[in-house]
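This report concerns only the one structure given below.
Sequence lines set the chain letters: A, B, ... in the order given, protein chains first and strands last, and positions in each chain run from 1. FYI, side chains are in, hydrogens and waters are out, and symmetry mates aren't considered; it's all heavy atoms of this structure.
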2 protein chains.
Amino acid sequence: MRTEKLTLGQLNRHLGYFLRRLQLWVFQDFIRALAPLKVRPAQYSVLLIVEANPGRSQATVGKTLGIERARLARMLHALERRKWIARHANGSDARSHSLYLTAQGAKALAKIKCLAEQHEAKLAEHVGPSRHKQLMAWLREYG
Amino acid sequence: MRTEKLTLGQLNRHLGYFLRRLQLWVFQDFIRALAPLKVRPAQYSVLLIVEANPGRSQATVGKTLGIERARLARMLHALERRKWIARHANGSDARSHSLYLTAQGAKALAKIKCLAEQHEAKLAEHVGPSRHKQLMAWLREYG
DNA sequence: CGCTAATTGTTGCTAATGACAACATTCTCG
DNA sequence: CGAGAATGTTGTCATTAGCAACAATTAGCG
(Lines give C-alpha, C1' and ligand atoms only; values in the text may rest on other atoms or scores of the structure.)
Protein backbone atom coordinates (compact mmCIF):
# COMPACT_ATOMS: atom_id res chain seq x y z
CA MET A 1 0.00 0.00 0.00
CA ARG A 2 1.52 3.26 -1.07
CA THR A 3 0.99 5.90 1.62
CA GLU A 4 -1.70 7.69 -0.32
CA LYS A 5 -2.92 10.88 1.27
CA LEU A 6 -6.61 10.89 1.93
CA THR A 7 -8.69 14.00 2.24
CA LEU A 8 -10.19 14.57 5.67
CA GLY A 9 -13.45 15.86 4.25
CA GLN A 10 -15.70 17.37 6.88
CA LEU A 11 -13.28 16.28 9.56
CA ASN A 12 -11.32 19.36 8.62
CA ARG A 13 -13.99 21.48 10.24
CA HIS A 14 -13.94 19.77 13.63
CA LEU A 15 -11.67 21.18 16.29
CA GLY A 16 -12.19 18.07 18.36
CA TYR A 17 -10.44 15.93 15.80
CA PHE A 18 -7.23 17.92 15.80
CA LEU A 19 -7.38 18.37 19.53
CA ARG A 20 -7.65 14.63 19.89
CA ARG A 21 -4.78 13.89 17.54
CA LEU A 22 -2.38 16.19 19.33
CA GLN A 23 -3.60 15.05 22.72
CA LEU A 24 -2.92 11.43 21.76
CA TRP A 25 0.56 12.34 20.63
CA VAL A 26 1.23 14.09 23.93
CA PHE A 27 -0.04 11.24 26.09
CA GLN A 28 1.81 8.60 24.13
CA ASP A 29 5.03 10.55 24.45
CA PHE A 30 4.41 11.18 28.15
CA ILE A 31 3.68 7.54 28.85
CA ARG A 32 6.79 6.46 26.97
CA ALA A 33 8.93 9.05 28.76
CA LEU A 34 7.61 8.06 32.18
CA ALA A 35 7.52 4.33 31.53
CA PRO A 36 10.74 3.68 33.49
CA LEU A 37 8.98 4.96 36.62
CA LYS A 38 5.62 3.45 35.68
CA VAL A 39 3.71 6.69 36.07
CA ARG A 40 0.64 7.51 34.02
CA PRO A 41 -0.55 11.02 33.19
CA ALA A 42 -3.46 10.93 35.63
CA GLN A 43 -1.21 9.74 38.45
CA TYR A 44 1.24 12.49 37.68
CA SER A 45 -1.49 15.11 37.85
CA VAL A 46 -2.63 13.81 41.23
CA LEU A 47 0.90 13.84 42.61
CA LEU A 48 1.41 17.44 41.47
CA ILE A 49 -1.88 18.58 42.95
CA VAL A 50 -1.18 16.92 46.28
CA GLU A 51 2.29 18.39 46.32
CA ALA A 52 0.95 21.88 45.68
CA ASN A 53 -2.05 21.45 48.00
CA PRO A 54 -1.14 19.14 50.85
CA GLY A 55 -3.82 17.99 53.24
CA ARG A 56 -6.81 18.26 50.96
CA SER A 57 -9.51 15.63 50.60
CA GLN A 58 -10.03 13.21 47.77
CA ALA A 59 -13.24 14.94 46.80
CA THR A 60 -11.47 18.29 46.46
CA VAL A 61 -8.60 16.87 44.43
CA GLY A 62 -10.97 14.89 42.25
CA LYS A 63 -13.12 17.89 41.49
CA THR A 64 -10.10 20.00 40.62
CA LEU A 65 -8.80 17.44 38.16
CA GLY A 66 -12.13 16.16 36.90
CA ILE A 67 -11.40 12.66 38.13
CA GLU A 68 -14.36 10.65 39.34
CA ARG A 69 -14.51 9.64 43.01
CA ALA A 70 -14.35 5.92 42.41
CA ARG A 71 -11.48 6.19 39.99
CA LEU A 72 -9.48 8.47 42.28
CA ALA A 73 -10.02 6.18 45.26
CA ARG A 74 -8.52 3.25 43.38
CA MET A 75 -5.67 5.34 42.03
CA LEU A 76 -4.81 6.56 45.53
CA HIS A 77 -4.76 3.01 46.82
CA ALA A 78 -2.15 2.23 44.21
CA LEU A 79 -0.11 5.32 45.11
CA GLU A 80 -0.40 4.42 48.79
CA ARG A 81 0.84 0.91 48.06
CA ARG A 82 3.88 2.47 46.45
CA LYS A 83 4.31 4.62 49.54
CA TRP A 84 4.21 7.83 47.57
CA ILE A 85 1.06 9.17 49.16
CA ALA A 86 -0.24 9.03 52.73
CA ARG A 87 -3.83 9.47 53.82
CA HIS A 88 -4.38 10.86 57.30
CA ALA A 89 -7.57 11.31 59.21
CA ASN A 90 -9.11 14.71 58.83
CA GLY A 91 -9.78 16.17 62.24
CA SER A 92 -12.80 18.19 61.28
CA ASP A 93 -14.50 15.59 59.10
CA ALA A 94 -14.28 11.92 59.89
CA ARG A 95 -15.47 10.96 56.44
CA SER A 96 -12.65 12.47 54.47
CA HIS A 97 -8.95 11.75 54.22
CA SER A 98 -6.24 14.36 54.06
CA LEU A 99 -3.73 13.61 51.34
CA TYR A 100 -0.01 14.14 51.65
CA LEU A 101 3.11 13.23 49.77
CA THR A 102 5.41 10.97 51.74
CA ALA A 103 9.12 11.77 51.84
CA GLN A 104 9.59 8.88 49.49
CA GLY A 105 6.86 10.26 47.27
CA ALA A 106 8.48 13.69 47.18
CA LYS A 107 11.74 12.10 46.16
CA ALA A 108 10.07 10.07 43.43
CA LEU A 109 8.16 13.11 42.22
CA ALA A 110 11.41 15.03 41.81
CA LYS A 111 12.62 12.39 39.38
CA ILE A 112 9.24 12.25 37.70
CA LYS A 113 9.19 15.99 37.21
CA CYS A 114 12.57 15.83 35.57
CA LEU A 115 11.36 13.31 33.00
CA ALA A 116 8.13 15.24 32.56
CA GLU A 117 10.08 18.38 31.78
CA GLN A 118 12.03 16.57 29.12
CA HIS A 119 8.75 15.41 27.68
CA GLU A 120 7.40 18.96 27.71
CA ALA A 121 10.50 20.21 25.93
CA LYS A 122 10.03 17.56 23.27
CA LEU A 123 6.41 18.61 22.90
CA ALA A 124 7.43 22.25 22.55
CA GLU A 125 9.83 21.24 19.82
CA HIS A 126 7.17 19.13 18.13
CA VAL A 127 4.62 21.90 17.85
CA GLY A 128 7.13 24.73 17.66
CA PRO A 129 8.06 26.79 20.71
CA SER A 130 5.96 29.81 19.80
CA ARG A 131 2.93 27.66 19.04
CA HIS A 132 3.45 25.83 22.31
CA LYS A 133 3.28 29.10 24.16
CA GLN A 134 0.27 30.32 22.24
CA LEU A 135 -1.63 27.07 22.66
CA MET A 136 -0.90 27.10 26.36
CA ALA A 137 -2.29 30.61 26.62
CA TRP A 138 -5.40 29.76 24.63
CA LEU A 139 -6.14 26.53 26.40
CA ARG A 140 -5.33 27.46 29.97
CA GLU A 141 -8.65 29.20 30.37
CA TYR A 142 -10.60 25.96 30.04
CA GLY A 143 -8.77 23.74 32.53
CA MET B 1 -16.95 20.60 51.25
CA ARG B 2 -16.77 24.17 50.08
CA THR B 3 -15.55 24.32 46.48
CA GLU B 4 -12.11 25.50 47.45
CA LYS B 5 -9.87 26.40 44.54
CA LEU B 6 -6.65 24.44 44.47
CA THR B 7 -3.51 25.61 42.75
CA LEU B 8 -2.43 23.48 39.82
CA GLY B 9 1.24 23.78 40.70
CA GLN B 10 3.51 22.43 38.02
CA LEU B 11 0.50 21.23 36.07
CA ASN B 12 0.23 24.81 34.91
CA ARG B 13 3.28 24.29 32.75
CA HIS B 14 2.00 21.22 30.90
CA LEU B 15 0.22 21.78 27.64
CA GLY B 16 -0.97 18.18 27.68
CA TYR B 17 -3.10 18.81 30.76
CA PHE B 18 -5.08 21.64 29.22
CA LEU B 19 -5.27 19.86 25.92
CA ARG B 20 -6.72 16.87 27.70
CA ARG B 21 -9.27 18.87 29.66
CA LEU B 22 -10.64 20.59 26.60
CA GLN B 23 -10.53 17.39 24.57
CA LEU B 24 -12.58 15.61 27.24
CA TRP B 25 -15.12 18.40 27.19
CA VAL B 26 -15.40 18.15 23.42
CA PHE B 27 -15.81 14.38 23.35
CA GLN B 28 -18.36 14.37 26.15
CA ASP B 29 -20.41 16.97 24.37
CA PHE B 30 -20.09 15.14 21.06
CA ILE B 31 -21.13 11.84 22.57
CA ARG B 32 -24.12 13.45 24.25
CA ALA B 33 -25.12 15.25 21.05
CA LEU B 34 -24.84 12.11 18.95
CA ALA B 35 -26.30 9.75 21.53
CA PRO B 36 -29.71 9.59 19.81
CA LEU B 37 -28.00 8.01 16.79
CA LYS B 38 -25.54 6.01 18.86
CA VAL B 39 -22.48 7.28 17.05
CA ARG B 40 -19.12 7.68 18.73
CA PRO B 41 -16.42 10.12 17.68
CA ALA B 42 -14.18 7.46 16.15
CA GLN B 43 -17.07 6.02 14.14
CA TYR B 44 -17.96 9.47 12.91
CA SER B 45 -14.41 10.08 11.73
CA VAL B 46 -14.40 6.79 9.84
CA LEU B 47 -17.72 7.57 8.17
CA LEU B 48 -16.45 10.98 7.07
CA ILE B 49 -13.21 9.58 5.70
CA VAL B 50 -14.98 6.84 3.77
CA GLU B 51 -17.44 9.37 2.42
CA ALA B 52 -14.65 11.64 1.24
CA ASN B 53 -12.46 8.76 -0.01
CA PRO B 54 -14.65 5.93 -1.22
CA GLY B 55 -13.06 2.64 -2.21
CA ARG B 56 -9.99 2.80 -0.01
CA SER B 57 -8.68 -0.04 2.11
CA GLN B 58 -8.92 -0.43 5.86
CA ALA B 59 -5.18 -0.03 6.17
CA THR B 60 -5.24 3.32 4.36
CA VAL B 61 -8.15 4.64 6.37
CA GLY B 62 -6.62 3.40 9.60
CA LYS B 63 -3.30 5.06 8.89
CA THR B 64 -4.97 8.34 8.02
CA LEU B 65 -6.92 8.43 11.25
CA GLY B 66 -4.34 6.78 13.47
CA ILE B 67 -6.67 3.92 14.30
CA GLU B 68 -5.08 0.55 14.84
CA ARG B 69 -5.87 -2.28 12.41
CA ALA B 70 -7.54 -4.52 14.94
CA ARG B 71 -9.66 -1.74 16.32
CA LEU B 72 -10.76 -0.53 12.89
CA ALA B 73 -11.65 -4.07 11.79
CA ARG B 74 -14.02 -4.45 14.73
CA MET B 75 -15.47 -1.00 14.26
CA LEU B 76 -16.16 -1.69 10.60
CA HIS B 77 -17.91 -4.92 11.48
CA ALA B 78 -20.23 -2.92 13.67
CA LEU B 79 -20.82 -0.33 10.94
CA GLU B 80 -21.42 -3.13 8.45
CA ARG B 81 -23.96 -4.71 10.78
CA ARG B 82 -25.80 -1.39 10.82
CA LYS B 83 -25.66 -1.38 7.01
CA TRP B 84 -23.90 1.95 6.90
CA ILE B 85 -20.71 0.69 5.32
CA ALA B 86 -20.08 -1.94 2.64
CA ARG B 87 -16.83 -3.77 2.03
CA HIS B 88 -16.18 -4.95 -1.51
CA ALA B 89 -13.39 -7.08 -2.85
CA ASN B 90 -10.47 -5.11 -4.20
CA GLY B 91 -9.66 -6.29 -7.74
CA SER B 92 -5.95 -5.59 -7.57
CA ASP B 93 -5.30 -6.93 -4.07
CA ALA B 94 -7.18 -9.91 -2.75
CA ARG B 95 -6.14 -9.17 0.80
CA SER B 96 -7.74 -5.80 1.12
CA HIS B 97 -11.32 -4.58 1.20
CA SER B 98 -12.60 -1.46 -0.50
CA LEU B 99 -14.80 0.60 1.77
CA TYR B 100 -17.93 2.41 0.69
CA LEU B 101 -20.87 4.14 2.29
CA THR B 102 -24.14 2.41 1.58
CA ALA B 103 -27.13 4.51 0.49
CA GLN B 104 -28.49 3.96 3.97
CA GLY B 105 -25.16 4.99 5.42
CA ALA B 106 -25.12 8.19 3.39
CA LYS B 107 -28.58 9.02 4.62
CA ALA B 108 -27.62 8.36 8.22
CA LEU B 109 -24.44 10.39 7.82
CA ALA B 110 -26.44 13.37 6.64
CA LYS B 111 -28.37 13.35 9.91
CA ILE B 112 -25.19 12.73 11.87
CA LYS B 113 -23.45 15.67 10.25
CA CYS B 114 -26.31 17.91 11.20
CA LEU B 115 -26.00 17.00 14.87
CA ALA B 116 -22.22 17.23 14.65
CA GLU B 117 -22.49 20.75 13.30
CA GLN B 118 -24.66 21.75 16.22
CA HIS B 119 -22.06 20.29 18.52
CA GLU B 120 -19.31 22.23 16.75
CA ALA B 121 -21.29 25.44 17.08
CA LYS B 122 -21.66 24.81 20.78
CA LEU B 123 -17.93 24.20 21.04
CA ALA B 124 -17.20 27.42 19.19
CA GLU B 125 -19.41 29.24 21.64
CA HIS B 126 -17.75 27.51 24.58
CA VAL B 127 -14.22 28.55 23.69
CA GLY B 128 -15.20 31.74 21.94
CA PRO B 129 -15.54 31.96 18.16
CA SER B 130 -12.23 33.70 17.56
CA ARG B 131 -10.37 31.28 19.79
CA HIS B 132 -12.08 28.41 18.01
CA LYS B 133 -10.76 29.67 14.72
CA GLN B 134 -7.28 30.27 16.08
CA LEU B 135 -7.05 26.90 17.78
CA MET B 136 -8.19 25.21 14.59
CA ALA B 137 -5.46 26.98 12.66
CA TRP B 138 -2.79 26.10 15.23
CA LEU B 139 -3.78 22.51 15.61
CA ARG B 140 -4.58 21.57 12.04
CA GLU B 141 -0.93 21.16 11.21
CA TYR B 142 -0.56 18.17 13.53
CA GLY B 143 -3.43 15.97 12.35
C1' DC C 1 11.23 -18.22 -11.53
C1' DG C 2 11.11 -19.29 -6.39
C1' DC C 3 11.36 -18.17 -1.83
C1' DT C 4 11.57 -15.02 1.99
C1' DA C 5 9.67 -11.05 3.97
C1' DA C 6 6.07 -7.86 4.33
C1' DT C 7 1.12 -6.58 4.11
C1' DT C 8 -3.87 -7.16 5.10
C1' DG C 9 -7.54 -8.31 7.78
C1' DT C 10 -8.99 -11.05 11.67
C1' DT C 11 -9.34 -12.78 16.39
C1' DG C 12 -7.88 -13.24 21.25
C1' DC C 13 -6.09 -11.25 25.19
C1' DT C 14 -4.67 -7.67 28.61
C1' DA C 15 -4.71 -3.23 30.73
C1' DA C 16 -6.45 1.41 31.42
C1' DT C 17 -10.25 4.46 31.54
C1' DG C 18 -14.93 6.27 32.33
C1' DA C 19 -19.40 5.88 33.97
C1' DC C 20 -22.92 4.29 37.16
C1' DA C 21 -24.95 2.15 41.03
C1' DA C 22 -25.04 0.63 45.70
C1' DC C 23 -23.36 0.95 50.27
C1' DA C 24 -21.77 2.38 55.21
C1' DT C 25 -20.30 6.14 57.63
C1' DT C 26 -20.55 10.77 58.80
C1' DC C 27 -21.93 15.48 58.46
C1' DT C 28 -25.32 19.52 57.60
C1' DC C 29 -29.11 21.87 58.26
C1' DG C 30 -33.89 22.71 59.02
C1' DC D 1 -33.55 14.97 66.40
C1' DG D 2 -34.09 13.41 61.58
C1' DA D 3 -33.97 13.77 56.48
C1' DG D 4 -30.94 14.49 53.05
C1' DA D 5 -26.28 15.33 51.39
C1' DA D 6 -21.34 14.31 51.25
C1' DT D 7 -17.35 11.05 51.44
C1' DG D 8 -14.92 7.16 50.41
C1' DT D 9 -15.31 2.36 48.95
C1' DT D 10 -16.46 -1.54 46.12
C1' DG D 11 -18.68 -3.79 42.14
C1' DT D 12 -19.95 -3.99 37.46
C1' DC D 13 -20.03 -2.76 32.59
C1' DA D 14 -18.64 -0.65 28.12
C1' DT D 15 -15.15 1.57 25.52
C1' DT D 16 -10.55 2.14 24.16
C1' DA D 17 -5.71 1.04 23.21
C1' DG D 18 -2.10 -2.02 22.47
C1' DC D 19 0.08 -6.34 21.58
C1' DA D 20 0.51 -10.99 19.69
C1' DA D 21 -0.63 -14.57 16.71
C1' DC D 22 -2.68 -16.28 12.57
C1' DA D 23 -4.11 -17.32 7.46
C1' DA D 24 -4.13 -15.53 3.08
C1' DT D 25 -1.96 -12.85 -0.17
C1' DT D 26 1.47 -9.91 -2.30
C1' DA D 27 6.08 -7.80 -3.13
C1' DG D 28 10.63 -8.00 -3.80
C1' DC D 29 15.10 -9.93 -4.21
C1' DG D 30 18.44 -13.33 -5.53
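- B:Arg32 comes within 4.0 angstrom of no nucleic acid atom, judged by non-hydrogen atoms across all strands.
- In terms of heavy atoms, B:Phe18 sits closest to A:Arg140 at CZ-CG, 3.3 Å.
- Residue A:Gln58 has a polar side-chain atom (N or O) positioned under 4.0 Å from OP1 or OP2 of D:dT9.
- For the segment residues 38-53 of chain B, no residue has any heavy atom less than 4.0 angstrom from an atom of DNA chain C.
- When atom types are taken as modelled, the side chain of B:Thr102 and the backbone of B:Lys83 share a donor-acceptor pair closer than 3.5 angstrom.
- When side chains are defined from C-beta on, A:Asn53 does not count as touching A:Leu99, because their heavy atoms never get closer than 4.5 Å.
- Between D:dG18, C:dA19, D:dG8, one nucleotide has an atom nearer to the side chain of A:Gln28 than all others, and that is D:dG18.
- In this structure, the side chain of A:Arg69 does not engage the main chain of A:Gly62 through any donor-acceptor pair within 3.5 Å.
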Handout entry: Residues B:Leu6, A:Lys63; criterion side chain to side chain contact (heavy atoms under 4.5 Å, CB included); working and verdict
Key = CA-CA 10 Å; B:Leu6 300 191; A:Lys63 267 171 202 154; over 6 Å; no
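- Against DNA chain D, the stretch residues 65-90 of chain B makes heavy-atom approaches under 4.0 Å through B:Glu68, B:Arg69, B:Ala70, B:Arg71, B:Arg74.
- When side chains are defined from C-beta on, B:Leu22 does not count as touching A:Trp138, because their heavy atoms never get closer than 4.5 Å.
- In this entry the distance linking CG of A:Leu24 with C1' of D:dT15 reads 14 Å, nearest Å.
- Ring geometry for A:Tyr44 against A:Phe30 counts as tilted: the plane angle lies between 30° and 60°, on a 0 to 90° scale.
- The nearest whole Å value for the distance from the CD1 atom in A:Ile31 to the C1' atom in D:dG18 is 11 Å.
- Counting only Watson-Crick or G-U wobble pairs whose defining distances are both under 3.5 Å, the stems of 3 or more consecutive pairs in DNA chain C are C:1-30 with D:1-30.
- Between B:Arg13 and A:Glu117 there is no side-chain heavy-atom pair separated by less than 4.5 Å.
- Each of D:dT25, D:dA17, D:dT9 was ranked by its minimum atom distance to the side chain of A:His97; first place goes to D:dT9.
- If you take CG of B:Leu99 and P of C:dT8, they are 13 Å apart, rounded to a whole angstrom.
- Distances from the side chain of B:Ser57 to the nucleotides D:dG8, C:dG9, C:dT7 place C:dG9 closest.
- Put simply, the side chain of B:Asn12 never gets that close to the backbone of B:Leu8: no donor and acceptor are under 3.5 Å apart.
- The CZ-P distance, from A:Arg95 to D:dT7, rounds to 6 Å in whole Å.
- Put simply, CG on A:Asp93 is 19 Å from P on C:dA24, counting in whole angstrom units.
- Side-chain atoms of B:Arg71 never come within 3.5 Å of backbone atoms of B:Ile67 as a donor-acceptor pair (strictly under, hydrogens ignored).
- Formation of a donor-acceptor pair under 3.5 Å by the A:Arg131 side chain with backbone atoms of B:Leu139 is not found in this model.
- Here the rule is side-chain contact (heavy atoms from CB on, under 4.5 Å) with A:His97, and of A:Glu80, A:His88, A:Gln58 only A:Gln58 fits it.
- The nearest whole Å value for the distance from the CZ atom in A:Arg20 to the P atom in C:dT17 is 13 Å.
- Atom CD of B:Gln23 and atom C1' of C:dG18 are 13 Å apart (whole Å).
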